[in-house]
Amino acid sequence: MGVALTRSAQWTAAGYGTRTLEITPLNEAILKEIIIFVENFIYKHPQEAKYVFVEPLEWKTDLDPSAFESGYVVSATTVKSEEADKNGQPLLFLSVPQIKVRSFGQLSCLLFIAKDTKLKEAQACIEANRNPMAKILGFDYNTVKGDSSVFNILDKITNDDDPESEIRMKIAILLKQLDLHLLNHSLKHISLEIRLNPEAIKNDVELLKRFSGKGEETVLESIKYTSDYEFSNGCRAPPWRQILGEICYVLVKPHDAETLCITCSAEGVFLNGGKTDDDGEINYERKGAIYKDLVTFLKDKSAKFSEVMSKQQIKLNEELQKEKDQPNETHKKKEADALPKTSNGSDKSMLQKKQINLGKRQMTKRLEPSLNWKTTGDFKAHRMSLRDTHKEKRGGRLEKSAPSVSPGKTHAVRKTVSKIEEVFSESSSESEEDEEPPDHRQEANADLPSEYWQIQKLVKYLKGGNQIATVIALCSMKDFNLAQETCQLAIRDAGGLEVLINLLDTDEVKCKIGSLKILKEISHNPQIRRNIVDLGGLPLMVNILDSPHKSLKCLAAETIANVAKFRRARWTVRHHGGITKLVALLDCAQNSATPAQSSLFDARDEEVARCGALALWSCSKSYANKEAIRKAGGIPLLARLLKTSHGNMLIPVVGTLQECASEENYRAAIKAERIIENLVKNLNSENEQLQEHCAMAIYQCAEDEETRDLVRLHGGLKPLASLLNNTDNKERLAAVTGAIWKCSISKENVTKFREYKAIETLVGLLTDQPEEVLVNVVGALGECCQEYENRVIVRKCGGIQPLVNLLVGINYALLVNVTKAIAACAVEPESMTIIARLDGVRLLWSLLKNPQPDVKASAAWALCPCIQNAKDAGEMVRSFVGGLELVVNLLKSDNKEVLASVCAAITNIAKDQENLAIITDHGVVPLLSKLANTNNDKLRRHLAEAISCCCMWGRNRVAFGENKAVAPLVRYLKSNDINVHRATAQALYQLSEDVDNCITIHENGAVKLLLNMVGSADEELQEAAAGCISNIRRLALATEKARYT
Amino acid sequence: MYLYFHFTVTKSEVECLIILFHGLMERADVRFGNVGLDRNTFRTALHSLFGMTDEKLMNRVFFAFDKDNDNCVNVNEWVEGLSVFLRGTFEEKLKFCFEVYYLNGDDGYISREGIFDLLRNSLHQLSSEEEADEGIKELVDITLKKMDYDNDGKISFADFEKAVKEERLLLEVFGQCLPEAKVQCQQPKLVERTLLKDLKITLARHFTFSSL
């Protein structure tokens, strides 16, 4: 305790007379620990609690004598404890305001009495007794400090062994433990805090300085140091204050407060006594709490400051919220935008320049390995510029990050970087985004092909040539095999990307065309794509979409199509209005009435539209972009383009539609725009890719019933069926089978498919196909087998065996579809025989253990027809070891679909008396009863059915009543679903066989509801309702009779 | 009136061009009946109408216009030249550009020296004269590698045609000798505007000329 108190507790610096403990989180934590120790002492160590201190702990207390109750002799101004030492002295003596305590027992009691002021008392006690160890144990226990004290004590113990010294020893050890504990604890606290250093503070001040001044948007009015002199260690405080860890003093004038004089010390930032007016001396005494850094301090002191700061933060956060793939570069721009305008005028162009600079910095960083080839002079200059840009970037970052980034991080970032290598490593770690794949570079000097050097030379001409030289260089560059990664990376490594992108910003049409032609090729490379986005290429390309030159538009759109293959790029396209412009390109084909200009750079209108569609196709992979395309009126334009017959055009158009059809809005629009007709038409095209996308689009759209009918009415089913015969192109096969699956949800379509012999073909596809195809094939068969004829076909074609084989897969989607298909087949007894022979039921049963709820539910549903139609079903079910228990336990699931399906399975299982007995033993009744309070009609229906079936055994009827399942069941009668009514009425009929249940049913007002149902058109419902009423009535009659006789 | 049969411009356009020609003649203060536009007037016209800037190339364009080598562009040459400028087919333009780039002395080839001359000012940033020469030599090599298909160290019309057909950007490879692309787009309007400006001055002459 002693060590902890002297070393880690933070005492006030200026120590006149009694020093006081400062209120800091650390001190508070230490005090709390001590309190806990003392409070528990009386329980944990009752023996030691009685030990009388050598000297009393004495301090001034705020406690009132009246607070003391039993165990104390209380008078107006004094309190004595009844507990006393050998000499009759009380162990606690209070004479307002002085208090003396002489044992841990009394200390504990005192803390209990103090209640809310515990902390205060403990603080007062510690402050008044600077060496509690000595007072408690006597001075000889405290003579040697530190680790040796234990040995010291042990030494004493061995010398004299009276019981008291043994207790003293124990206490000493306990206190020692506490001391250690406190030290550990405070260490944890300390490690959580950061210690500021001069560099960090300097950065903060410099930064705030840049955004200070007059005006609304600035964060502060002024900020300056008190001293201009900076010591070599970065401190500005006078040396005698530096000893205390103080670094510098800052005068800050916020907008809404007086000038603050602030001390920045290693411990943190706090307000000091201020500058005295006459001699300019600073009153160093701390006047307020310690903050972890300058920004936090100012946020607390100045509302305006924190408002301006948080405004920027909110802006930033909003952006971040909007899209998680917030691109790095735009992020920075936003940041820069959000920053208040500084006096040196950071107008837009400046910002853009800076942005480009930032981009360049990233590039130059990647350039590192290739620097080896540069002349040394070049290299040096390069290093310099690198360092500059890096510094600039750091500045840019800090502007924002200072308030938000965790102190540790800022600390790290602020670290001075003296070596260029550090710059490299640091910047690479902070600028890469998580989604970026690792950038693999060319091995420096490792067998670089000659193209590499030639391209580098060309880049030189790009950089240093006029328009003529640039065009020549661009045209020559195009002759290289740009599909080759070496060439792509050579352009990048030589800094060619920046030049190519900068060319897009010029007025030179020829340069733009040449540049785009190259960008279009190299943007097939994922890394280059990212680099293009980093360098801000996309906004420029989006602008070019407005150009009057069609070939320029085409190239820009094509390049965008290549680049927008990842989220951040798509985001950028959208945020620069690219989607609207791309959609506008689709309109080109319609304006072909205007006379064709025989200009050098003109492309055909169709070509423009094709490129637009191509870019939209890439962009449409993001949800927000799909919305943007729709809002920009893209659907009618796509629909119009779909009517043309250019294969090249159709693929991107259909591709876009297919991508977008995942959205409900689009499906409706697609239906409205009569797109289905054209999709169907293009199924007959020669182009496999086009067929694939059309089928895919139909697959997406056919969720809707009307669309399914449209496909049939436009004769789309036949081409679909015939496409099944070509199984080489797996992508297309997957799309086609998907379309067939969705279409076969409509019965009329199934009939057509049967006509086209598609079902036989589908059965043939059950083997040796990739999973994507299998899922769809099985799904389609599942739908087809809802009809008897088709079930027969599937059986006759030998489809059962492969289906059952698929039950052992692991693909969830496939398993769900397979179980559905088997369920459909199992309805037919002959198929069922085959399934049973193939052990399909056991496989289904084991799927009940599948972790996926969908699979579980689907398997349980499939079990129902199996149990219904299998021969000796009861015997078969019993043969599955542990199977029944498994089913009953699934009633504990919280998935409604699983519960409903399991209830249905139990209904079927319970039809066999012996099995019913077994599941009753497994506790099916209470589990079913527990589910009774549900609002889900599907579950209600199957639950009621299960209950009515389970009533058939033993005293289950009574048990349902006991488990309070009856009253909720009556409420089911108020449901709107006739299936629920029927099942419930049957269950109630069964339950009403028991007298008590009868009363419950009657009490819950079922009679009136049941009477209505007697009039229902459903005979089963009529019968069950009438049966139930008759049971109730009979009981009533019996009671009356009993009363009168 | 015989002119427009030969060219791809329409009759009214030819009329416009003729009016324009006389407007220019007037401005250049050349007495009527004189043979045509001299080099300076022609260059000014190229600059103001088509945004050309390179003196050297404008001179070459002048020589290309001036078929009969009499050091002035007469009305026939003017209309003929401008019809290529404004409404020329790709092949016509191709031929025209090639004519601009080779000097008559070069027997129908663009020689290595010729290219060097054309590209002389195409590099900036290079400090010393030597370095610049070196750079341009390399650029000439690159160009020849790109365009000299028969590897004879000079560019024939066949070479030029092949290269340009492969990559249209190479049409004006050695500098602008056709109206700017953006001017081309708005061409009809431009001619009309110029016409309106000059119409009043040249109205009388117009009638005289068209009655020929």
Side-chain angles (χ1 to χ4, degrees), chain A residues 375 377-378 450-451 453-480 499 503 506-518 521 544 546-555 594-603, chain B residues 8 51 53-54 56-57 84 86-94 97 101 115 118-127 131-132 134-136 138-147 163-188:
Chain A
T375 58
D378 236 345
S450 66
E451 289 104 323
W453 306 97
Q454 288 163 357
I455 284 179
Q456 217 176 2
K457 200 157 72 183
L458 289 176
V459 171
K460 204 175 78 193
Y461 285 105
L462 278 188
K463 283 178 179 166
N466 68 356
Q467 185 246 354
I468 297 172
T470 306
V471 170
I472 294 174
L474 286 172
C475 292
S476 312
M477 199 180 272
K478 237 190 74 210
D479 288 345
F480 287 96
V499 190
L503 283 176
T506 61
D507 284 334
E508 289 293 342
V509 180
K510 275 179 272 183
C511 292
K512 284 196 223 179
I513 290 182
S515 163
L516 280 173
K517 277 183 174 170
I518 291 167
E521 294 303 323
I544 290 176
D546 285 334
S547 153
H549 301 287
K550 288 177 188 162
S551 56
L552 253 184
K553 285 190 203 180
C554 282
L555 286 167
T594 55
Q597 299 275 332
S598 66
S599 169
L600 182 57
F601 308 115
D602 270 359
Chain B
T8 41
T53 46
D54 190 337
K56 210 161 59 177
L57 273 167
V84 175
L86 302 176
R87 291 278 182 269
T89 61
F90 176 65
E91 273 71 26
E92 282 171 331
K93 285 181 178 170
L94 188 73
C97 287
Y101 293 141
I115 299 173
L118 282 162
L119 295 180
R120 188 185 290 282
N121 295 321
S122 63
L123 294 182
H124 26 80
Q125 269 187 6
L126 293 174
S127 48
E131 211 177 308
E134 198 58 41
I136 290 172
E138 255 184 86
L139 188 59
V140 172
D141 288 340
I142 291 171
T143 317
L144 280 173
K145 192 178 161 211
K146 171 90 190 138
M147 300 183 74
V164 175
K165 280 196 170 153
E166 205 166 273
E167 175 49 82
R168 292 202 162 200
L169 288 178
L170 292 174
L171 182 59
E172 293 178 85
V173 55
F174 301 121
Q176 188 193 359
C177 49
L178 289 171
E180 271 180 17
K182 61 180 171 204
V183 181
Q184 274 183 334
C185 273
Q186 22 173 282
Q187 191 47 58

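All figures in this text were calculated on a predicted structure; none of them were measured in a lab. Letters A, B, ... are given to chains in the order of the sequence lines, protein chains preceding strands, and every chain is numbered from 1.
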State, yes or no, whether a side-chain contact exists between A:Ile472 and B:Lys146 at a heavy-atom distance under 4.5 Å. no
Would you mind reporting whether A:Gln467 and B:Gln176 have side-chain heavy atoms less than 4.5 Å apart? no
Can you confirm whether B:Lys145 is buried at NZ, in the sense that more than 12 heavy atoms of other residues, nucleotides or ligands lie under 6.0 Å from that atom? no
Contact between B:Leu169 and A:Leu474 at the side-chain level, heavy atoms closer than 4.5 Å - yes or no? no
side-chain hydrogen bond (donor to acceptor under 3.5 Å, both in side chains) with A:Asp546: which residues, sequence neighbours excluded? A:Lys581
Can you tell which of B:Ile142, B:Thr143, B:Leu139 makes a side-chain contact (heavy atoms from CB on, under 4.5 Å) with A:Ser476? B:Ile142
Can you tell me how far NZ of A:Lys478 sits from CG of B:Leu170, rounded to the nearest 0.5 angstrom? 8.0 Å
Does any backbone or side-chain atom of A:Leu458 lie under 4.5 Å from a heavy atom of chain B? Answer side chain, backbone, both or neither. side chain
Closest non-hydrogen atom pair between A:Ile468 and B:Gly175, with its separation: CD1-CA, 3.4 Å
Non-neighbouring partners of A:Val499 that pass side chain to side chain contact (heavy atoms under 4.5 Å, CB included), sequence neighbours left out: A:Leu462, A:Lys463
